[in-house]
Amino acid sequence: MNCKDFSNLLDAYVDGSLSESEADQMRDHAAACPDCAAMLTLLQDARRMDEAIEVPETFSSSWRQRIREEENMEEKKIKSWKTWLAAAAVLVFILGGTALTRENMPSRTRLTGAASGSAQAKTTGSSVTRRNTDAGPVMFEDMAAPMMMAVSEDFDAAEMEEAAEAPAAGETRQEKIIRNASFTVKTTDYDTDLERLQTLARDLGGRVEYLSASGDASSGQTRSASLTLRIPAQRLDEFLSGVEGIGNVTAMTQEMQDVSDSYYDVQTRLDTQRKKLERLQAMFTAAEDVSDLIEIESAIADAQYYIDRYTAQLKTYDGKVEYSTVNASVREVRVTEMKEVTLGQRIAEGFRNSLDAGAEFLEDMVIFLVSALPWLIAAAVVFVIVRLIVRKAKKNKIEKKEK
């Protein structure tokens with residue numbers, strides 16, 4: 001017998017399950033091999049120790065109880081983790097939702113009244129715009145651009161000659177000059193100077209055609225206004241001189257444009273179309289053929305169209321020439337003084353600002369929660385339904401296993 005065979009039969013030898021011949025071989029080998037003899041002694045000692053120790057009756061129930069306690073501890077840890085996670089999710093929802101929706105929440109201040117009267121437009125927030133709706137000359141977008149006539153009009157040879165005729169020798173014509181101006185006024189007395197500017201325009205026979213004011217004095221914002229004024233051209237210089245006494249004029253621009261050629265070109269074309277209309281009306285009266293009547297009637301409609309067009313253009317020129325356009329800008333300025341602030345004042349101011357910001361944020365949070373309440377209720381209902389379904393499914397699964 002070798003050591004390997006001895007090792008394989010060792011447990012059976014100690015248990016006494018070997019035959020007599022095999023047991024004699026094991027004893028002989030153990031007597032000849034010190035290592036195998038030590039292995040046999042170690043196994044016999046271990047068996048005697050197991051037989052000497054008695055297992056308490058409560059051992060089985062104790063370790064089962066310990067296992068259950070450890071399972072309960074794990075469940076408590078999981079529940080605690082879920083609770084903290086849910087609390088964090090609620091906190092993120094409330095704080096994040098409030099922060100993201102603050103800009104769209106109802107403002108703490110709102111407009112309670114509107115300014116009236118044509119003297120001044122006051123603002124409490126963004127801007128107020130007013131346009132004058134009084135009847136006046138038709139104004140095009142580009143006030144300085146000359147209005148050139150298209151050369152594609154259907155004139156006959158006689159009409160073209162009349163349109164090309166020059167004024168008689170020695171004949172004089174009145175110049176048509178368009179004058180415009182713009183300026184900026186900076187003032188520390190915004191309300192008074194804005195009213196003075198509008199009053200000056202009205203006293204000289206002008207009017208306020210457009211007014212846009214912005215800024216809020218109650219919140220510390222500087223105010224500004226943009227005006228478009230229509231001033232009689234012959235009194236424009238008087239108006240600009242009066243403006244020098246209102247606030248501080250920081251920039252002024254004047255421009256002049258001679259539109260005499262364009263004006264009298266339109267006037268000539270208008271006279272030509274009127275003569276053409278008279279001839280066509282005479283031809284219409286004398287015509288007897290239906291086809292001639294239809295053709296003449298179409299030509300009369302075309303002539304009337306050009307007459308209306310040229311008349312409107314002349315009125316536009318007249319409006320620009322008779323009334324100058326003045327673009328004015330009034331800006332409020334404030335005189336500031338540098339004052340040294342102590343550390344205690346800075347701390348007190350920072351603390352007050354922090355309290356104000358916190359109170360405002362809490363107000364916005366309440367508004368957010370109330371606004372989101374319908375959605376929260378709907379989400380809670382869905383959560384309860386899903387939880388009941390999951391519990392029922394688990395219960396059915398456990399009952400199936402027990403069966």
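The model shown is predicted, which means the values in this text are computed figures rather than measured ones. Along the sequence shown, residues carry numbers from 1.
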Working for side chain to side chain contact (heavy atoms under 4.5 Å, CB included), residues Tyr264 and Gln174: CA-CA 10 Å; Tyr264 289 107; Gln174 183 181 1; 3.8 Å; yes
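- Using a 4.5 Å heavy-atom threshold, the side chains of Leu197 and Val243 count as touching.
- Side chain of Asn396 to main chain of Lys392: a donor-acceptor pair is present (N/O by atom type, distance under 3.5 Å, no hydrogens or angles).
- Considering CG of Asp308 and CD of Gln273, their distance stands at 10.5 Å, rounded to 0.5 Å.
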Candidate pair Ile347 and Leu343, rule side chain to side chain contact (heavy atoms under 4.5 Å, CB included), full reasoning: CA-CA 6 Å; Ile347 293 174; Leu343 177 61; 4.0 Å; yes
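- Sorted by first and then second residue, the salt bridge (Lys or Arg N to Asp or Glu O under 4.0 Å) pairs with a member in residues 13-24 read Asp15-Arg47, Glu20-Arg27, Asp24-Arg27; sequence neighbours excluded.
- Remark: side-chain polar atoms of Arg230 are not paired, donor with acceptor, to backbone N or O of Gly206 under 3.5 angstrom.
- Using modelled atom types and a 3.5 Å distance limit, the side chains of Ser291 and Glu295 yield no donor-acceptor pair.
- Judged by distance alone, the side chains of Asn327 and Ser182 never bring a donor and an acceptor atom under 3.5 Å apart.
- The side chain to side chain contact (heavy atoms under 4.5 Å, CB included) check on Thr250 picks up Thr184, Lys186, Asn248, with sequence neighbours excluded.
- Here the side chain of Ser17 pairs a donor or acceptor atom with the backbone of Ala12 at under 3.5 angstrom.
- Scanning both residues, Gly247 and Val185, for their nearest heavy atoms gives CA-CG1, 3.9 Å.
- Here Ile178 contributes atom CD1 and Gln257 contributes atom CD; the two are 5.5 Å apart, rounded to the nearest 0.5 Å.
- Checking each of Leu204, Thr199, Leu200 against Arg202 for a side-chain contact (heavy atoms from CB on, under 4.5 Å) leaves exactly one that passes, namely Thr199.
- Residue Asp5 comes nearest to Asn2 through the heavy atom pair N-OD1, 2.8 Å, listed as atom of the first residue, atom of the second, then distance.
- Residues Leu314 and Gln267 have side chains in contact (heavy-atom distance under 4.5 Å, counting atoms from C-beta outward).
- Salt bridge annotation for Arg179-Asp237: present, with a cationic side-chain nitrogen under 4.0 angstrom from a carboxylate oxygen.
- In this structure, Cys36 and Cys3 approach most closely via the heavy-atom pair SG-SG, 3.6 Å.
- The aromatic rings of Tyr263 and Tyr317 sit perpendicular, their planes meeting at an angle over 60°, well past the 30° parallel limit.
- Taking Glu278 as the reference, nothing meets the salt bridge (charged side-chain N to carboxylate O under 4.0 Å, His left out) condition, with sequence neighbours excluded.
- For Ser224 and Ser214, the side-chain atoms include at least one donor-acceptor pair closer than 3.5 Å.
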Val333/Thr222 under side chain to side chain contact (heavy atoms under 4.5 Å, CB included): CA gap, chis, key distance, verdict: CA-CA 7 Å; Val333 294; Thr222 57; over 6 Å; no
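- Under the 4.5 Å side-chain criterion, counting only non-hydrogen atoms from C-beta, Tyr306 is not in contact with Lys276.
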Working for side chain to side chain contact (heavy atoms under 4.5 Å, CB included), residues Phe239 and Ser241: CA-CA 5 Å; Phe239 173 78; Ser241 298; over 6 Å; no
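- In this structure, CZ in Phe284 is found 10.5 Å from CG in Leu280, a value given to the nearest 0.5 Å.
- The minimum heavy-atom distance between Leu18 and Ala23, with the atom names listed, is CB-N, 4.4 Å.
- Asp191 and Arg223 are joined by a salt bridge, as a carboxylate oxygen and a charged side-chain nitrogen come within less than 4.0 angstrom of each other.
- Salt-bridge annotation for Lys320 and Glu255: absent, with no side-chain N of the basic residue lying under 4.0 Å from a carboxylate O of the acidic one.
- With 3.5 Å as the limit, one finds a donor-acceptor pair spanning the side chains of Ser260 and Asp258.
- Geometric assessment of Arg331 against the ring of Tyr190 yields a negative cation-pi assignment under the 6.0 Å and 45° thresholds.
- Checked against side chain to side chain contact (heavy atoms under 4.5 Å, CB included), Thr311 has the following partners two or more places apart in sequence or in another chain: Leu270, Arg274, Ile307, Lys315.
- Ion pairing between a basic and an acidic side chain is recognised when a charged N comes within 4.0 Å of a carboxylate O; Asp271 and Lys275 show no such pairing.
- Among residue pairs with one or both ends in residues 8-32, those qualifying as ring-ring contact (aromatic ring centres under 6.0 Å, His included) are Phe6-His29; sequence neighbours excluded.
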Arg235 and Glu322: CA distance, side-chain angles, deciding distance, salt bridge (Lys or Arg N to Asp or Glu O under 4.0 Å) verdict: CA-CA 10 Å; Arg235 308 197 69 176; Glu322 294 175 6; over 6 Å; no
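- Side chains of Asn180 and Val326 form no contact here, defined as non-hydrogen atoms less than 4.5 Å apart.
- Of the inter-residue distances, the one linking Phe361 atom CZ with Asp356 atom CG reads 15.0 Å to the nearest 0.5 angstrom.
- Considering every non-hydrogen atom in both Val249 and Phe183, the closest pair reads CG1-CB, 4.4 Å.
- In terms of modelled atom types and a separation under 3.5 Å, the side chain of Asp292 and the main chain of Glu288 share no donor-acceptor contact.
- Here Asp35 pairs with nothing under the salt bridge (charged side-chain N to carboxylate O under 4.0 Å, His left out) rule; sequence neighbours left out.
- Annotation for Gln25: atom CD counts as buried by contact number, over 12 foreign heavy atoms lying within 6.0 Å.
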Gln281 and Thr285: CA distance, side-chain angles, deciding distance, side-chain hydrogen bond (donor to acceptor under 3.5 Å, both in side chains) verdict: CA-CA 6 Å; Gln281 289 174 343; Thr285 303; over 6 Å; no
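- Using a 4.5 Å cut-off on side-chain heavy atoms (C-beta onward), Arg334 and Thr188 make no contact.
- The side-chain heavy atoms of Ile231 and Glu238, taken from C-beta on, include no pair separated by under 4.5 Å.
- Atom CE of Met39 is separated from atom CD of Gln44 by 12.5 Å, given to the nearest 0.5 angstrom.
- To the nearest 0.5 Å, the span separating CD1 on Ile246 from CG on Leu194 amounts to 9.5 Å.
- Between Leu373 and Leu369, every side-chain heavy-atom pair lies at or beyond the 4.5 Å cut-off.
- The closest side-chain heavy-atom distance from Ile177 to Val321 is not below 4.5 Å.
- Annotation for Ser371 and Pro374: closest pair O-CD, 3.5 Å, computed over non-hydrogen atoms.
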